[in-house]
J.: 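Take a look at this one; I'll ask things after.
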Protein chains: 2
Amino acid sequence: MAAWLTAEEQRAWRRTAAVFTLLPAALDAQLQRDAGLTQFSYLVLAMLSEEPGRTMPMSELASMVSSSLSRLSHVVSRLEKQGWVSREPCEGNGRVTMARLTDAGWEKVVATAPGHAEEVRRLVIDAVGPERIADLDAITGAILRRVDPGGKMRANPMSQGC
Amino acid sequence: MAAWLTAEEQRAWRRTAAVFTLLPAALDAQLQRDAGLTQFSYLVLAMLSEEPGRTMPMSELASMVSSSLSRLSHVVSRLEKQGWVSREPCEGNGRVTMARLTDAGWEKVVATAPGHAEEVRRLVIDAVGPERIADLDAITGAILRRVDPGGKMRANPMSQGC
DNA sequence: CCTGCACGGTTGAAGCATCAAGTGTAGGGT
DNA sequence: ACCCTACACTTGATGCTTCAACCGTGCAGG
């Protein structure tokens with residue numbers, strides 16, 4: 001029988017839970033309004049934009065954005081229809097397909113990033129304040145280690161070739 | 001032109017974003033597995049269970065779980081179909097409808113709560129550690145004030161009658 | 001070889017969230 | 001009395017997510 005939550009713990013958890021519903025909604029709203037993108041689809045574009053060559057295997061991309069391959073596949077299909085991403089087979093490895101950020105996709109990211117970053121700063125970074133950023137980092141790191149014991153901070157398994 | 005994110009800020013935000021995708025997924029998975037409930041539908045049941053009389057106007061319930069009335073209405077329809085909640089008109093105020101937790105719903109909450117609380121403790125409370133709970137509370141409070149300036153901690157507008 | 005099996009990826013159906021539009025009630029003005 | 005707006009919902013369509021099933025490729029063992 002697990003120990004129950006104390007009053008202080010309960011209060012902290014209630015607030016935390018509220019943040020977990022309201023903050024994603026707020027960020028999604030900003031992206032939807034200004035760019036017609038989901039937080040998730042933006043993240044996909046952003047990840048590709050940071051990769052040298054702006055291209056990555058689907059499965060690697062999936063793990064970078066912490067999603068199932070299925071979800072990513074659907075989203076990439078939509079992004080492809082909008083002309084921001086293209087799929088191409090990987091030579092020398094018939095079963096991986098690469099997602100590539102098109103020029104139009106790059107433009108989209110460039111146009112969208114500043115507004116989104118500003119919103120993140122306003123709602124999170126500045127709200128927390130410079131003296132507590134380290135606390136935020138420590139807390140989220142601690143939670144991450146429980147939620148994702150494998151570690152999202154893994155060394156990358158050197159994507160050979162492609 | 002908003003100031004860009006520093007390296008430390010960026011690192012903290014990346015981790016935070018990861019937590020915001022993985023933690024809800026983990027909590028949802030536990031509830032789905034053990035009770036066949038969404039985090040959101042569980043929250044609805046839990047809120048009703050804490051109310052004296054186990055009943056509340058839809059709109060008040062909606063604001064307690066930070067959702068639109070539309071979303072709540074759909075969810076309550078499903079919960080009603082499962083026999084855990086019932087809708088009834090409010091006498092003396094023809095336009096509010098009350099959501100009531102049925103006995104079966106109460107049983108459901110009683111059966112589900114301990115497992116869920118245990119998971120919250122495991123993934124969040126214990127991960128953060130007792131000496132940092134206050135930090136968690138402060139940080140989430142600060143973010144909440146930006147995201148929801150109206151304040152989720154409002155004094156309740158005295159639900160007259162019903 | 002070639003059989004089996006795991007991996008990478010796609011697809012379709014079902015469930016849940018969101019949005020826009022609709023219903024009916026309450027209350028205020030004239 | 002009458003309208004007109006605001007409120008408290010509900011409903012239906014649309015879109016995204018999840019789940020299960022599927023296809024083709026590579027690879028290891030017999």
Side-chain angles (χ1 to χ4, degrees), chain A residues 20-22 24-33 36-44 56-82 85-100 157 159-162, chain B residues 20-22 24-33 36-44 56-82 85-100 157 159-162:
Chain A
F20 269 81
T21 69
L22 294 174
L27 292 173
D28 261 330
Q30 183 269 323
L31 278 172
Q32 199 63 277
R33 180 165 42 76
L37 286 174
T38 305
Q39 230 186 321
F40 183 75
S41 55
Y42 170 75
L43 187 59
V44 168
M56 216 185 311
M58 290 289 285
S59 53
E60 191 177 335
L61 185 52
S63 93
M64 292 206 59
V65 298
S66 313
S67 91
S68 68
L69 209 37
S70 169
R71 181 182 183 186
L72 181 65
S73 183
H74 283 294
V75 169
V76 166
S77 296
R78 282 171 235 142
L79 294 175
E80 209 174 10
K81 246 170 246 155
Q82 313 226 247
V85 172
S86 66
R87 275 189 246 235
E88 17 194 277
C90 167
E91 332 186 357
N93 195 345
R95 58 183 166 185
V96 337
T97 85
M98 309 290 284
R100 169 185 305 284
S159 45
Q160 80 288 18
C162 294
Chain B
F20 270 81
T21 70
L22 294 174
L27 292 173
D28 261 330
Q30 183 269 323
L31 278 172
Q32 199 62 272
R33 179 165 41 77
L37 286 175
T38 305
Q39 229 186 322
F40 183 76
S41 55
Y42 170 76
L43 187 59
V44 168
M56 216 184 312
M58 290 288 285
S59 52
E60 192 176 335
L61 185 51
S63 93
M64 292 205 60
V65 298
S66 314
S67 89
S68 68
L69 208 38
S70 169
R71 182 182 183 186
L72 180 65
S73 183
H74 283 295
V75 168
V76 166
S77 296
R78 282 171 234 142
L79 294 175
E80 208 174 9
K81 245 170 245 155
Q82 314 224 242
V85 172
S86 66
R87 276 189 245 235
E88 19 194 277
C90 168
E91 333 185 355
N93 195 345
R95 57 183 167 184
V96 339
T97 86
M98 309 290 284
R100 154 170 270 109
S159 45
Q160 81 289 19
C162 293

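In what follows, chains carry the letters A, B, and so on, assigned in the order in which the sequence lines appear, proteins first and then strands, with residues in each chain numbered from 1.
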J.: Specify the separation, in whole Å, of atom CZ of A/Arg71 and atom P of D/dG15.
T.: 17 Å
J.: Quick one: list whatever passes ring pair (Phe, Tyr, Trp, His ring centres under 6.0 Å) with A/Phe40, sequence neighbours left out.
T.: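 If we apply the ring pair (Phe, Tyr, Trp, His ring centres under 6.0 Å) test to A/Phe40, skipping adjacent residues, there are no hits.
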J.: Hey, could you give me the CG/CG distance between B/Leu43 and B/Leu37, rounded to the nearest 0.5 Å?
T.: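 Output value for this atom pair is 11.0 Å.
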J.: For a quick test of reading the model: is some side-chain N or O of B/Arg78 closer than 4.0 Å to OP1 or OP2 of C/dG15?
T.: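 No, because none of the side-chain N or O atoms of B/Arg78 sits under 4.0 Å from OP1 or OP2 of C/dG15.
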J.: Would you kindly give the CG-to-P distance between A/Asp28 and C/dA17, to the nearest whole Å?
T.: 14 Å
J.: Is there side-chain contact between A/Leu79 and A/Lys81, with heavy atoms separated by less than 4.5 Å?
T.: no
J.: If I take atom CD in residue A/Glu80 and atom C1' in nucleotide C/dG9, what distance separates them, rounded to the nearest angstrom?
T.: 13 Å
J.: When you measure from the side-chain N and O atoms of A/Arg33 to the phosphate of C/dC19, is any distance below 4.0 Å, counting only OP1 and OP2?
T.: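 No, outside the criterion.
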J.: I need the B/Thr21 OG1 to A/Gln39 CD distance, nearest 0.5 Å.
T.: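 Spacing of OG1 (B/Thr21) from CD (A/Gln39) equals 9.5 Å.
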J.: Do A/Thr38 and A/Asp28 touch side chain to side chain, with heavy atoms closer than 4.5 Å?
T.: yes
J.: Specify the separation, in whole Å, of atom CD of A/Glu91 and atom C1' of D/dG26.
T.: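 Answer to the nearest Å: 17 Å.
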J.: DNA chain D: A/Gly92 or A/Thr38, which has the more 5' nearest nucleotide?
T.: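 So the residue in question is A/Thr38.
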J.: Taking the side chain from B/Ser77 and the backbone from B/Ser73, do they hold a donor-acceptor pair closer than 3.5 Å?
T.: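 Yes, because the side chain of B/Ser77 sits within donor-acceptor range (under 3.5 Å) of the backbone of B/Ser73.
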J.: Nearest whole Å is fine: how far is C/dA20 P from A/Gln32 CD?
T.: 11 Å
J.: Tabulated below should be each protein N or O lying under 3.5 Å from an N or O of nucleotides 9-12 of chain D; please produce it.
T.:
| unit_1 | atom_1 | unit_2 | atom_2 | d |
| --- | --- | --- | --- | --- |
| D/dC9 | OP1 | B/Thr97 | N | 2.6 |
| D/dC9 | OP1 | B/Thr97 | O | 3.2 |
| D/dC9 | OP2 | B/Ser59 | N | 2.7 |
| D/dC9 | OP2 | B/Ser59 | OG | 2.6 |
| D/dT10 | OP1 | B/Arg87 | NH1 | 3.0 |
| D/dT10 | OP2 | B/Ser73 | OG | 3.0 |
| D/dT10 | OP2 | B/Arg87 | NH1 | 2.8 |
| D/dT11 | O4 | B/Ser70 | OG | 3.0 |
| D/dG12 | O6 | B/His74 | NE2 | 2.7 |

J.: In whole Å, what is the span from the CD atom of A/Gln39 to the P atom of C/dA17?
T.: 17 Å
